[in-house]
Amino acid sequence: MRRIPEEKIMSGCAISGILDRKGRRFSGEEIIKSIALMHDRSNGLGGGFAAYGIYPEYKEQYAIHMFYDDLQAKEEVEDFLERHFMISLAEEIPTRKVKAITNSPLIWRYFVLPDQHKLEQANLSEDDYVARCVFKINDQYRGAFVVSSGKNMGVFKGVGYPEDIGEFYQLEQYEAYLWTAHGRFPTNTPGWWGGAHPFTLLDWSIVHNGEISSYGANKRYIEMFGYKCTMMTDTEVITYLFDLLLRKHKLPLELVVKAVAAPLWSEIDRMGEKEKKIASGIRAVYGSTLLNGPFSIILGHKNGFVALNDRIKLRPLVCAEDGERLYVASEESAIREICPEPEKVWAPRGGEPVIGLLEGSSEEWL
Amino acid sequence: MALSYKNPEFLIERDYDKCINCRVCERQCANEAHYYDEDLDKMMAIDKNCVNCHRCVTLCPTDALRIRKYPLEFKENYNWTGEMINNIYKQAETGGVLLTGMGNPTKKKIYWDHLLLNASQVTNPSIDPLREPMELKTFLGRKPERLEFDQEGNITNLPPQIELETPIMFSAMSFGSISLNACKSLARAASEMGIMYNTGEGGLHQELYQYGANTIVQVASGRFGVHQEYLDAGAAIEIKIGQGAKPGIGGHLPGEKVGEEVSRTRMIPKGTDALSPAPHHDIYSIEDLRQLIYALKEATDYEKPVSVKISAVHNVAAIASGIATAGADIIAIDGYRGGTGAAPTMIRDNVGIPIELALAAVDSRLREEGLRNQVSLVIGGSIRNSADIVKAIALGADAVYIGSAALIALGCHMCQKCYTGKCNWGIATQRPDLVKRLNPEIGTERLKNLIRGWSHEIKEMLGGMGINAIESLRGNRLMLRGIDLNEKELEILGIKHAGE
Amino acid sequence: MKKVYAREEYCLGCKLCEVYCVTSHSESKDVVKAHKMEEITPRVIVESTGEVSFALQCRHCDDAPCTKACITGALQKDPETGIVGYNQEKCVGCWTCIMTCPYGAIKRDEYGRSIISKCDLCIETGEPVCVVNCPNNALVFIDLAEKQGEGVEEQDKLVKEQGGCRD
């Protein structure tokens, strides 16, 4: 971790995700195997996993995963957490020694609920309160970084190849119904643990392959709504855009996709009158949220995931279905590695979202 | 008065080996700089009449003409330049205000030329606009912070927008300051290219109502030609507070330009001077502006966006923020290099600030205040090429106005003598024999070609950046780097220096 | 047939059509030499008074009066092309054609020879040079009949749309 880069990080990557739509939990071994197959798509400068459903015993509490540079940073943040939250459990996240993983920060997790008095004072929803605290720690506490902050989920990431990171965090010990993974290939070498994917806010997590050429426009837009982009990564800004559109503006997922991977005007021209009005209205108002440039992303959430390509499909993305399992990855081989004969395999078109929903949860995500 | 001390500005050189005495130059010069001498059987020139508009040079069938800067040097002096001295001679003879036309030509920093654009290499692909879609469509108008939908899923809260096929519009140029044929060329080109032109404070000539869907009708301090039908005709309404070439002062169309048609269109008596007051006499403060904005919205049933045009002055950011909260849907900012049909030289060359800095400051301020989404930002004031447009949009503009560039496409040669009414290119004139020199069919094609060419170039530059929609460039200052700029300039522009 | 039509509202009165007409009908085909070394009368006539001006040339009338008036047969209408042609060799300079032409489109040689000057639609080069070189598209070379159906009224309308005057 050490330093937050001052310029935008560019990177290429591998991504993978597995969802059990029945909500049955399974260990991290499969996802590690899948992402490990795409070893060559990353360069050892970042790997990470998001896991949903791993903390059933604390599922009503926010699980705050933290990186600290040193004990001083830890003390300061813990002081902040104590002032703003009721902490049920604070513990070091168990890791094992792995040769390839060095210079790890102090890695802790906290299960917390907002301090009721402070929450009432702030006049915010619980989620907004937590989000604000996350921004504050990342922005103002040197040497500290919030890795994840959702309920019943957690992110495990660091500098190294993803399979080494998985081993480091002992992910075979965890059980989740949704796993996403990321292997990173940055073109500069910040060696910063916080810069690895997934990136998260509350329940959202994003793994992302690509570079968003619209980053500057997206960043300046999202900052108008009180978000602080401090990480200088595309992934951070994508996370915030989804948070704004889905959680704050309460747009249905289908319209959010029409904003971030907007249909081309030539397609809009062919739409029916009503659809056309909606699509062009979205583009007129949310033009600054358009993610432009090559990307494939998996947006994880407690209710499932959305996998999405840029609208002209400049990055690979393959999906597969087998029973209750839904797979998505940068390469088909990464799916076949863990599910050799899926019932169905397909490559979604640019801008066409693949939505995997947990059974029983509605399209209304929130 | 006795002897004039003024020296000619230009020297007309004629190659007599080539001159065939066809007298085209003589017939084409409204300034009467050429004549045929029967005794000598030779074409002759009166240098002091020449304004260097190139009309004779362009039409000469044998390329026999050359115009040079008059080779008369004053004793070298950085302070008292020939221009300064000649200006004093002029004023000592007339006691008048120095008048000029077009934009500020002085040697001050042009920030566009200190901005550099980015392009993709390796980590993300550039996009080839010849093979992939490349979208320039732009909407101008107030955007809600978030869209709302009714039960059926229809959008319920989107205010009126104007839709541009490419983020370029023709700036306000009135019928009166320019000829009807120039207006027709602009109107037709705008309508055929899916963009907008702007009436300026000249009213709307009857023949131009058919282009209403591509017209921004202006309401300025003189309120010339403003009536219900006029407001209804346009796609948007613009309140003109100021103009980059002459911030803080009004306009003056001399009576000799107010012929039959101009008189009818402006609704003023023929032959009378059309004087636009310096301020709107019903706007002495921001709350008055709000009233006018809403009066115009009421008058047009809230069906058209209302724009407010100001010139870029020192505290432009605060003013723009006030205009946004006053209810404007579009803010148009005109920089200090913006053109004009006539302005006092001292004002044109010394009042106002560069549009690049004004734009950056306004965009940043509106974002800080969370207002940027609510208004569209249009800038003008010497956009010279497509790269200027790309830079303007990256700094934060939604679209640009082009005035001088459009006139140059029509044939303007920047002689800056628009105020004389003797434009040899048929643009800034009302003299019927000169007006007919601009064939609107040709004018329309030339303007369309310019817009087409620039749009192609914008697409190439976007593609190079790995972007395929103009909205992803808007305010994307990471696509810009500065060169030869100091810390303060970089800070205001919100960009890094090249190499950073 | 294709004819040259003038659009008065765009005519600059610059007379470049005359310059190019002379050049095109010269031996040298060089604009300077044609004017300085040869004696050629332009076959197009620019009429101008004040701000009104237009270029006039032979209308190549269907029922051309000049061909009937010509005493030597120097003026003949080509039944194929419709062009009213002029044979300088046969001309005796009686000027009867000039008196009969309803448009005043025929003029005497400016250098005192017993010949006339009239438009030949640049049969040699194909496209009339006056049209090609008009700086303001004030001359057009079109076939009205081809442009639309028959009917005098429609033709009139079309010519008017084109801004020209009907022959």
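Both backbone and side-chain heavy atoms feed into the values below; hydrogens, waters and symmetry mates do not. Each chain gets a letter, A, B and so on, in the order its sequence line appears, and its residues count up from 1.
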| query | Is chain B contacted by the side chain of C:Val52, its backbone, both, or neither, given a heavy-atom distance below 4.5 Å? | reply |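 Backbone of C:Val52 only, per the 4.5 Å heavy-atom cut-off to chain B.
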| Do you know which of B:Ala64, B:Pro61, B:Cys25 has the most heavy-atom pairs under 4.5 Å to chain C? |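 Greatest number of close heavy-atom pairs with chain C: B:Pro61.
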| said: Does B:Met267, at its CE atom, have more than 12 non-hydrogen atoms belonging to other residues, nucleotides or ligands within less than 6.0 Å? | reply: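 Yes - once you tally the heavy atoms of other residues, nucleotides and ligands closer than 6.0 Å, there are more than 12.
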| said: Heavy-atom cut-off 4.5 Å, strictly under: side chain, backbone, both or neither for B:Leu434 against chain C? | reply: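 For B:Leu434, no heavy atom lies under 4.5 Å from chain C.
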| Contact class of B:Leu59 relative to chain C, heavy atoms under 4.5 angstrom |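 Contact with chain C involves both backbone and side-chain atoms of B:Leu59.
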| task | For C:Met1, enumerate each residue passing the side chain to side chain contact (heavy atoms under 4.5 Å, CB included) test, keeping only those at least two apart in sequence or located in another chain. | result |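 Counting only residues at least two positions away or on another chain, C:Met1 forms a side chain to side chain contact (heavy atoms under 4.5 Å, CB included) with C:Lys3, C:His60, C:Lys77, C:Ile83, C:Leu121.
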Interchain donor-acceptor contacts below 3.5 Å (chain C, chain B):
residue: C:Arg7; atom: NH1; partner: B:Glu441; partner atom: OE1; Å: 3.2
residue: C:Arg7; atom: NH2; partner: B:Glu441; partner atom: OE1; Å: 2.9
residue: C:Arg7; atom: NH2; partner: B:Glu441; partner atom: OE2; Å: 2.2
residue: C:Glu8; atom: O; partner: B:Lys436; partner atom: NZ; Å: 3.3
residue: C:Cys11; atom: O; partner: B:Lys436; partner atom: NZ; Å: 3.0
residue: C:Gly13; atom: O; partner: B:Arg27; partner atom: NE; Å: 3.3
residue: C:Cys14; atom: O; partner: B:Arg27; partner atom: NE; Å: 3.1
residue: C:Cys14; atom: O; partner: B:Arg27; partner atom: NH2; Å: 3.1
residue: C:Lys36; atom: NZ; partner: B:Tyr16; partner atom: O; Å: 2.7
residue: C:Lys36; atom: NZ; partner: B:Asp17; partner atom: O; Å: 3.4
residue: C:Lys36; atom: NZ; partner: B:Cys19; partner atom: O; Å: 3.1
residue: C:Glu51; atom: O; partner: B:Lys436; partner atom: NZ; Å: 2.7
residue: C:Asn136; atom: O; partner: B:Asn439; partner atom: ND2; Å: 2.9
residue: C:Asn136; atom: OD1; partner: B:Asn439; partner atom: N; Å: 3.3
residue: C:Asn136; atom: ND2; partner: B:Lys436; partner atom: O; Å: 2.8
residue: C:Asn136; atom: ND2; partner: B:Arg437; partner atom: O; Å: 3.3

| request: Please name the pair of heavy atoms, one in B:Ile442 and one in C:Pro135, separated by the smallest distance, quoted to 0.1 Å. | output: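 Smallest interatomic distance, heavy atoms only, reads CD1-O, 4.1 Å.
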| field | Minimum heavy-atom distance B:Cys22-C:Val19, with the two atoms named | value |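 Heavy atoms only, the tightest pair is CB-CG2, 3.6 Å.
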